[in-house]
Amino acid sequence: HVQLVESGGGSVQAGGSLRLSCAASGYTYSSYSMGWFRQAPGKEREGVAALDSGGRTNYANGVKGRFTISRDNAKNTLHLQLNTLQTEDAAMYYCAKAAFGGSSYNSWGQGTQVTVS
C-alpha cells in the first residue's frame, strides 16, 4: 500500500532554511504527480508546491522564489527546500500523492512540523 513519510522539519529563526523530504513507497513513484501542503493552527490546509511526473512545477504565490520542490525518482523521494523562512510559513507540512491524471490528491503523509521564530 502507499506510504508517504515526511522528515526534515524543525525550528528555525526567520530568514533561515530547512529541507523537507518525503519518502514514498508502495507504488510506481515516477508516474505520479506529487505535492506539498501545509496547515497552520486555526487555518485551512493550503497547497504550497506541486511537481508532476514530467517535471513541471507550480508554487503558491507566497512561496515563489523562496521554496523549491524537487524529486529524486531513483530514490522515490520528494523534497521541498524552504529558504528565507518567515513566521507565516510555520505550519505542519504534508506531502501528498496525486491520483493518476493529477486531478486530486489521494494519499497523504503524517506531516512534519516547521516552526519559525
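Reckoned from all heavy atoms, side chains included, excluding hydrogens, waters and symmetry mates. These numbers come from a predicted model, not from an experiment. Count residues from 1 along the sequence.
Rounded to the nearest 0.5 Å, atoms OG1 (Thr112) and OH (Tyr93) are 10.5 Å apart. For the atom pair CG of Leu18 and CD of Gln81, the computed distance is 8.0 Å after rounding to the nearest 0.5 Å. Expressed to the nearest 0.5 Å, how far NE2 of His1 lies from OG of Ser25 amounts to 7.0 Å. The CG atom of Leu20 sits 12.5 Å away from the OH atom of Tyr94 when rounded to the nearest 0.5 Å. From Gln3, atom CD reaches atom NZ of Lys97 across 13.5 Å, with rounding to the nearest 0.5 Å. Atoms OG and CG, on Ser30 and Asn76 in that order, are 7.5 Å from each other to the nearest 0.5 Å.
Every pair passing salt bridge (charged side-chain N to carboxylate O under 4.0 Å, His left out) that includes a residue from residues 60-82 is listed here, sequence neighbours excluded: Arg66-Asp89. Listed by first then second residue, pairs satisfying disulfide bond (SG atoms under 2.5 Å apart) with a partner in residues 73-117 read Cys22-Cys95, not counting sequence neighbours.
Looking at heavy atoms from C-beta onward, Val12 lies out of side-chain contact with Leu82 at the 4.5 angstrom threshold.
Of all heavy-atom pairs between Ser17 and Asn83, the closest is OG-OD1, 3.0 Å. Considering all non-hydrogen atoms of both residues, Thr115 and Ala90 come closest at CA-CB, 4.3 Å. In plain terms, the two heavy atoms of Ala40 and Ala91 that are nearest each other are N-CB, 3.8 Å. Across all their heavy atoms, Gly47 and Ala60 have their closest contact at O-CB, 3.5 Å. Counting all heavy atoms, side chain and backbone alike, Val48 lies closest to Val63 at O-CG2, 3.6 Å.
Of the possible donor and acceptor atoms, none in the side chain of Tyr29 sits under 3.5 Å from a partner among the backbone N and O of Ala23. Glu6 contributes no side-chain N or O that, together with a main-chain N or O of Ser21, makes up a donor-acceptor pair within less than 3.5 Å.
Among the candidates Arg45, Lys43, Glu46, the single residue satisfying the side-chain contact (heavy atoms from CB on, under 4.5 Å) test with Arg38 is Glu46. With respect to Phe100, the ring pair (Phe, Tyr, Trp, His ring centres under 6.0 Å) criterion is satisfied by exactly one of Tyr105, Tyr27, Tyr32: Tyr32.
Tracing side-chain contacts under 4.5 Å through hydrophobic residues (I, L, V, M, F, W, Y), one never reaches Met92 starting from Leu4; they form parts of separate clusters.
Between Trp108 and Phe37, the distance from one ring center to the other falls under 6.0 angstrom.
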